[in-house]
Amino acid sequence: MTRFWVIGGNYADTNFDRLQGGGKEERIGPFATYNEAKAAWQKRAWETVDQANARYRIEEEGGEVCYWVVGGPYCDTTFSEPAPGGGEQWFGPFDSYDEAKTAWSRHAWSTVDDAMCRYRIEKLTRGEHPRSAHPGSAHSRSAHPRSAKSH
């Protein structure tokens with residue numbers, strides 16, 4: 001049975017590679033579905049929205065995974081509905097979280113002055129196709145060389 005976890009915490013800096021005080025990452029869950037985990041992730045993310053060094057992600061137990069960078073322009077700063085005519089864009093898949101983080105950083109920095117634009121990293125089971133949380137969203141594949149690999 002697949003289980004999902006929300007994992008993260010307060011990191012020492014915005015490289016997000018080591019926790020403040022050297023502790024362990026917080027693990028919330030397990031959740032039976034991705035949507036349950038995503039709801040918990042959103043709740044925890046909003047609870048820590050004013051902490052620049054706080055980061056959380058969703059991880060799935062078992063199965064070969066890949067990562068996608070998802071986002072684009074949204075209607076407002078709740079980031080719950082994509083802007084008209086665009087929809088969420090999906091870039092990937094990437095073989096590792098670090099590769100996705102590099103792509104996420106590129107997209108996030110290219111839109112840093114746009115308060116209505118946001119990107120996140122989604123973790124999926126290999127072969128699972130990206131699904132949008134919003135009807136009518138666009139799916140894009142990255143020019144990243146690994147995105148063309150078949151697994």
Side-chain angles (χ1 to χ4, degrees), residues 1-82 87-109 111-112 117-135 137-142 144-151:
M1 178 171 110
T2 301
R3 298 186 325 169
F4 299 88
W5 296 84
V6 176
I7 299 173
N10 288 314
Y11 292 83
D13 56 40
T14 55
N15 286 325
F16 306 109
D17 54 5
R18 59 186 166 76
L19 289 169
Q20 278 180 345
K24 289 187 175 185
E25 289 180 309
E26 180 180 0
R27 290 178 58 91
I28 305 166
F31 301 95
T33 68
Y34 177 83
N35 286 339
E36 290 173 6
K38 186 172 180 183
W41 168 82
Q42 286 176 323
K43 179 181 182 294
R44 192 66 181 121
W46 277 111
E47 290 171 352
T48 59
V49 71
D50 293 327
Q51 299 170 24
N53 291 352
R55 248 340 153 246
Y56 290 87
R57 65 188 180 279
I58 297 172
E59 289 195 4
E60 179 180 357
E61 285 183 358
E64 187 180 352
V65 299
C66 63
Y67 300 86
W68 294 79
V69 176
V70 184
Y74 291 84
C75 289
D76 57 39
T77 56
T78 64
F79 305 105
S80 59
E81 183 180 341
E88 289 185 321
Q89 298 173 323
W90 289 72
F91 301 93
F94 299 95
D95 290 333
S96 72
Y97 182 83
D98 287 338
E99 290 174 7
K101 185 177 171 185
T102 299
W104 167 83
S105 180
R106 186 175 59 252
H107 290 288
W109 279 109
T111 60
V112 71
C117 200
R118 166 106 12 126
Y119 290 92
R120 67 184 184 277
I121 297 173
E122 295 274 347
K123 184 176 181 180
L124 300 174
T125 302
R126 178 99 30 216
E128 182 181 3
H129 295 286
R131 62 198 177 285
S132 175
H134 312 284
S137 292
H139 301 301
S140 301
R141 287 187 68 109
S142 167
H144 188 280
R146 294 196 180 216
S147 67
K149 285 173 80 174
S150 5
H151 294 275

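- The side-chain hydrogen bond (donor to acceptor under 3.5 Å, both in side chains) test applied to T14 returns no partner, not counting sequence neighbours.
- Residue A100 comes nearest to V69 through the heavy atom pair O-CG2, 3.4 Å, listed as atom of the first residue, atom of the second, then distance.
- Partners of N10 according to the side-chain hydrogen bond (donor to acceptor under 3.5 Å, both in side chains) rule, which considers only residues two or more places apart in sequence or in another chain, are Q51.
- The distance from atom CD of E99 to atom CD1 of I121, rounded to the nearest 0.5 Å, is 11.0 Å.
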Can you give each donor-acceptor pair under 3.5 Å made by side-chain atoms of residues 21-33, sequence neighbours left out, with the distance rounded to 0.1 Å?
{"unit_1": "E25", "atom_1": "OE1", "unit_2": "R57", "atom_2": "NH2", "d": "3.0"}
{"unit_1": "E25", "atom_1": "OE2", "unit_2": "Y11", "atom_2": "OH", "d": "2.5"}
{"unit_1": "E25", "atom_1": "OE2", "unit_2": "R57", "atom_2": "NH1", "d": "2.9"}
{"unit_1": "E25", "atom_1": "OE2", "unit_2": "R57", "atom_2": "NH2", "d": "3.3"}
{"unit_1": "E26", "atom_1": "OE1", "unit_2": "R44", "atom_2": "NE", "d": "3.4"}
{"unit_1": "E26", "atom_1": "OE1", "unit_2": "R44", "atom_2": "NH2", "d": "3.4"}
{"unit_1": "E26", "atom_1": "OE1", "unit_2": "Y56", "atom_2": "OH", "d": "2.8"}
{"unit_1": "T33", "atom_1": "OG1", "unit_2": "E36", "atom_2": "N", "d": "3.1"}

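- Taking the side chain to side chain contact (heavy atoms under 4.5 Å, CB included) definition, one finds that N15 meets it with D13, D17, sequence neighbours left out.
- In terms of the side chain to side chain contact (heavy atoms under 4.5 Å, CB included) criterion, residue partners of W109 (sequence neighbours excluded) are, by chain and number, S105, V112.
- The line from SG of C117 to CD of Q89 is 8.0 Å long, rounded to the nearest 0.5 Å.
- In this structure, F16 and K101 have side chains that are in contact, with non-hydrogen atoms separated by less than 4.5 Å.
- Rounding to the nearest 0.5 angstrom, the gap separating the CD atom in E81 from the OH atom in Y74 is 11.0 Å.
- The residues R3 and E61 are annotated as salt-bridged, a charged nitrogen and a carboxylate oxygen being separated by less than 4.0 angstrom.
- K38 and I58 make their closest contact through CA-CD1, 3.5 Å (heavy atoms, listed as atom of the first residue, atom of the second, distance).
- In this structure, CG on L124 lies 7.5 Å from CH2 on W68, to the nearest 0.5 angstrom.
- Looking at every heavy atom in both residues, W41 comes nearest to R120 through CH2-CD, 4.4 Å.
- Considering only residues two or more places apart in sequence or on other chains, D98 meets the side chain to side chain contact (heavy atoms under 4.5 Å, CB included) condition with S96.
- Taking the six-membered ring where tryptophan is involved, the planes of Y119 and F91 are tilted, since the angle between them lies from 30° to 60°.
- Rounding to the nearest 0.5 Å gives a distance of 9.0 Å between CG of N35 and CZ of F4.
- Between F94 and Y67, the distance from one ring center to the other does not fall under 6.0 angstrom.
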